[in-house]
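Every heavy atom of this structure was used, including side-chain atoms; hydrogens, water molecules and symmetry mates were not. Note on naming: letters A, B, ... go to the chains in the order of the sequence lines (proteins, then strands), and numbering restarts at 1 for each one. Small disclaimer: the values here were computed from a predicted structure and weren't measured.
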2 protein chains.
Amino acid sequence: MPDTRPSPYFVLFNEIGIIHQLSRTLLEERLPDGLLSSHFGVLNHLVRVGEGTTPLAIARAFQVPKTTMTHTLGGCVKHGLIEMRPNPDDARSKCIWLTRKGREIRESMVAQAATGFEGFAEHFSEERIETLLPVLTEMRQFLDKARDAT
Amino acid sequence: MPDTRPSPYFVLFNEIGIIHQLSRTLLEERLPDGLLSSHFGVLNHLVRVGEGTTPLAIARAFQVPKTTMTHTLGGCVKHGLIEMRPNPDDARSKCIWLTRKGREIRESMVAQAATGFEGFAEHFSEERIETLLPVLTEMRQFLDKARDAT
DNA sequence: CCTCATTAGTACGATGTCGCACTAAATATA
DNA sequence: TATATTTAGTGCGACATCGTACTAATGAGG
């Protein structure tokens, strides 16, 4: 008789998928006009990691294919959030920089989004999140390596 | 001076998004021909929760819009994994049942997928996952309610 | 130098996702 | 009973995602 109980791993990835869905929707509801969570992610990434990185580096950071990042960055450019300059070290490549508007929009996005997660922050303290993050990060890194190994 | 450090909440949702990406890709690499992780999810759901539920109920379980689930279920039907029967209690509605083939495919999928997560299981014991799950489930439920409140 | 392989980015096509609008059925209200 | 409202599912259109194939530039090996 085959085991019909799903392993906790499937439950885990199922929950993660749903949380991803919900958080993305919740975030995008709070974002201005045509802005997507992917744009928000790029802006945050640039602020955190630093500007001047290349599209490929950003794609790797988010673990999405190059083509997807091309599309996403195109959206950011169209909204005037970033600008793409030629890479002085490599003529094939580009460098991504935030525009003034990009920085401003990002600030207001963080504020807007924060209000959307007020209740969330009440139920899940920063401390609790901080204890969760190392495990998730470790998971991400492991899956990342597993992907490279393919 | 504005705070440029992202709150742990954004990091959290960022990590979850990436893990979702990676786990989905990793899973689909192991799946036969045109089968997607969403199909796999539906099959697992039917086995776990029980057959005979309605498309809407499944959509709610996965927190995706009705239209998305219509599309996903259509794929499952096309692959001969499920069949949709009329709902005897409500002529508007349908009931979803696994076919014999669906059950068989699901079994082999679980086996196939399990091999893909062998290394993962080594690094992350079931016990560790079990301690993680309650928090994630709580999160999912909270976000779920927050969405309804909109 | 001169191939040849590799790499960064993109155009294109296929497909998944999802909001909107619609139909048909059920339910509430009068 | 008759009408209005709500609900389940779907067709359609817009768009994000991503694999394939391509161009241009770099680097490696002769």
Collect all protein-nucleotide pairs involving nucleotides 14-16 of chain D in which both atoms are nitrogen or oxygen and the distance is under 3.5 Å.
from    : atom 1 : to     : atom 2 : distance (Å)
dA16(D) : OP2    : H71(A) : NE2    : 3.0

Check your understanding: Taking 4.0 angstrom as the limit, do E83(A) and R85(A) come out as a salt bridge?
Key ->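 A salt bridge links E83(A) with R85(A).
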Review point. Taking 4.0 angstrom as the limit, do R24(A) and E28(A) come out as a salt bridge?
Key: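 Salt bridge: yes.
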Check your understanding: Does Y9(B) have its ring centroid less than 6.0 Å away from the ring centroid of F124(A)?
Key ->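 Aromatic pair excluded; centres sit 6.0 Å or further apart.
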Atom [atom1] of [X] and atom [atom2] of [N]: how far apart are they, to the nearest Å?
X: I58(B); N: dG9(D); atom1: CD1; atom2: C1'; value: 13 Å
X: N87(B); N: dG9(D); atom1: CG; atom2: P; value: 8 Å
X: H20(A); N: dC18(C); atom1: NE2; atom2: C1'; value: 14 Å
X: E28(B); N: dT17(D); atom1: CD; atom2: P; value: 15 Å
X: R24(B); N: dT17(C); atom1: CZ; atom2: C1'; value: 11 Å
X: H79(B); N: dT15(C); atom1: NE2; atom2: C1'; value: 13 Å

**Study point:** side chain to side chain contact (heavy atoms under 4.5 Å, CB included) partners of V49(B), counting only residues at least two apart
**Key:**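 Per chain and number, V49(B) pairs via side chain to side chain contact (heavy atoms under 4.5 Å, CB included) with H45(B).
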Check your understanding: So does Q21(A) get a side-chain nitrogen or oxygen closer than 4.0 Å to the phosphate oxygens (OP1/OP2) of dC18(C)?
Key ->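 Q21(A) to dC18(C) OP1/OP2: side-chain N or O found under 4.0 Å.
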Review point. Can you find a pair of side-chain heavy atoms, one from V11(B) and one from I129(A), that are under 4.5 Å apart?
Key: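 No, every pair of side-chain atoms sits at 4.5 Å or beyond.
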Exercise for review: Output all residues satisfying ring pair (Phe, Tyr, Trp, His ring centres under 6.0 Å) with F13(B), sequence neighbours left out; order by chain, then residue number.
Suggested key: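 If we apply the ring pair (Phe, Tyr, Trp, His ring centres under 6.0 Å) test to F13(B), skipping adjacent residues, the hits are F117(A), F120(A).
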Taking only N/O atoms, report every protein-nucleotides 7-12 of chain C pair under 3.5 Å with atom names and distance.
from    : atom 1 : to     : atom 2 : distance (Å)
dT7(C)  : O2     : R92(A) : NH1    : 2.6
dA8(C)  : O3'    : S93(A) : OG     : 3.2
dG9(C)  : OP1    : S93(A) : OG     : 3.0
dG9(C)  : OP1    : K94(A) : N      : 3.1
dG9(C)  : OP2    : L56(A) : N      : 2.8
dG9(C)  : O3'    : K94(A) : NZ     : 3.3
dG9(C)  : N7     : K66(A) : NZ     : 2.7
dG9(C)  : O6     : K66(A) : NZ     : 3.2
dT10(C) : OP1    : K94(A) : NZ     : 3.1
dT10(C) : OP2    : T70(A) : OG1    : 3.3

Which pairs of donor and acceptor atoms, one on a side chain in residues 64-74 of chain A, lie under 3.5 Å apart (sequence neighbours left out)?
from   : atom 1 : to     : atom 2 : distance (Å)
T70(A) : OG1    : K66(A) : O      : 3.2
T72(A) : OG1    : T68(A) : O      : 3.1

Contact summary for [X] and [Y], nearest pair of heavy atoms:
X: C76(B); Y: H39(B); result: SG-CD2, 3.6 Å
X: H79(A); Y: K101(A); result: O-NZ, 3.0 Å
X: F40(A); Y: L31(A); result: CB-CD2, 4.3 Å

**Study point:** Shared hydrophobic cluster for F62(A) and L56(A) (ILVMFWY, side-chain gaps under 4.5 Å)
**Key:**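 Looking at the clustering, L56(A) is in a separate group from F62(A).
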Can you tabulate the close N/O pairs, meaning under 3.5 Å, that link protein atoms to atoms of nucleotides 1-3 of chain C?
none

